[in-house]
Amino acid sequence: MRFAVIQFPGSNCDWDLYYAVTEGLKETALFVDYRATSFTADAVLIPGGFSYGDYLRSGAIARVAPVMQAVKDFAASGKPVLGICNGFQILTEAGLLPGALRVNRDQAFICQNQALTVANATTRFTNQYQANETIHLPIAHGEGNYYCSPEQLATLKANGQIVFTYQDNPNGSIADIAGITNEAGNVLGMMPHPERASDSLLGNTDGLRLLMSLCGKEVQPA
Amino acid sequence: MYHVKIYITYKESILDPQGETIKKTLHQLNYQNVASVTVGKYFEIDLAASDEAPEVEVERMCAELLANVNMESYRYEIEAVSVNEAI
């Protein structure tokens, strides 16, 4: 399976994703420049970082980069798109996911290991997790406080679009939301970093199972 | 030529943690009569006249890029200026 990792000026988790795909997952990854207008891949990964220095709002400038039209077409074709951290912010700004990410409730940048609940283990991103399983992933963000209107929240709940929730809400996100999909279920945005929990050397492989879900690899019993 | 001033603030339903912190700090400095503080963004844009009314263009700029209408609201003032004045 071929994963495209999109690189914007200021992306800084691009190599982490590349490493998780090629070394952890043993699949193919390629970098796609933000100026590209087309690419060939089976899945798109939008990495974390500070695209365009977070000018105006996180993700607001990146979403008009040339490559984003190709990402929108890719998403419209039903293929999987995963945005992590700044990638999540870019996907909401691009209108591929509902809602927005506000400044954290306590104003501070939060960098810590975070307990999450897998609220929907039936998506193409989470089928290697158990329903309501507790997993741990690192978070590192200043603007991860998810917001959407009450109507949008009702839709998210009714469609099972809330995929990950925080167990001890660190940033004020509405309904403890850490990650959501679009209505079709092929676009996932999440603030926690699965690529930073994809190597047993780092003590945690909870994140690798997300990538394994995507390419239909089963978790081997320990 | 037009001189445009654009003000962007969080919608009322959105907590403004910076504004809250600044309000508390003003209280600490004994400005007890400060009832609320709103923090926002301010833009000045010089806009050459085009076929479109400036209000229409500015409205579109705000909704498309300058504000995130999910969480922010905007207002603007448009002032016509002579070209000499603008330079």
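From a predicted model like this one, the values you see are computed outputs, not experimental measurements.
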Colleague: Which region of Ile174(A), side chain (C-beta onward) or backbone (N, CA, C, O), has a non-hydrogen atom less than 4.5 Å from a non-hydrogen atom of chain B, or is it both or neither?
Modeller: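 Looking at Ile174(A), nothing touches chain B.
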Colleague: Could you tell me which portion of Asn104(A) (side chain, backbone, both or neither) has an atom closer than 4.5 angstrom to a non-hydrogen atom of chain B?
Modeller: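 For Asn104(A), the contact with chain B is made by the backbone alone.
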Colleague: Between Arg57(A) and Glu72(B), does at least one N-O distance fall below 4.0 Å, as a salt bridge requires?
Modeller: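 A salt bridge is present here (some side-chain N lies under 4.0 Å from a carboxylate O).
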Colleague: Find the one option among Ile14(B), Leu15(B), Asn68(B) whose heavy-atom pairs under 4.5 Å with chain A are most numerous.
Modeller: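 Maximum pair count with chain A is reached by Asn68(B).
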Colleague: I'd like to verify something: which residue of Arg105(A), Arg63(A), Gln152(A) has the highest number of heavy-atom pairs under 4.5 Å with chain B?
Modeller: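 The answer is Arg63(A).
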Colleague: Just say parallel, tilted or perpendicular for the rings of Phe31(A) and Trp15(A), cut-offs at 30° and 60°.
Modeller: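 Answer is perpendicular, since the angle exceeds 60°.
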Colleague: Tell me which of these, Thr21(B), Asp16(B), Leu66(B), has more heavy-atom pairs under 4.5 Å with chain A than the rest.
Modeller: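 Going by pairs under 4.5 Å, I would pick Leu66(B).
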Colleague: Ring-plane angle category for His141(A) and Tyr166(A), please: parallel below 30°, perpendicular beyond 60°, tilted otherwise.
Modeller: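 Because their plane-to-plane angle lies in the 30° to 60° range, the rings of His141(A) and Tyr166(A) count as tilted.
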Colleague: For Phe43(B) together with Tyr76(B), are the ring centres under 6.0 Å from each other?
Modeller: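 Distance test on ring centres: not under 6.0 Å, no.
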Colleague: Between Tyr147(A) and Arg102(A), is there a cation-pi geometry (under 6.0 Å to ring centre, at most 45° from the normal)?
Modeller: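 Checked: cation-pi criterion not met.
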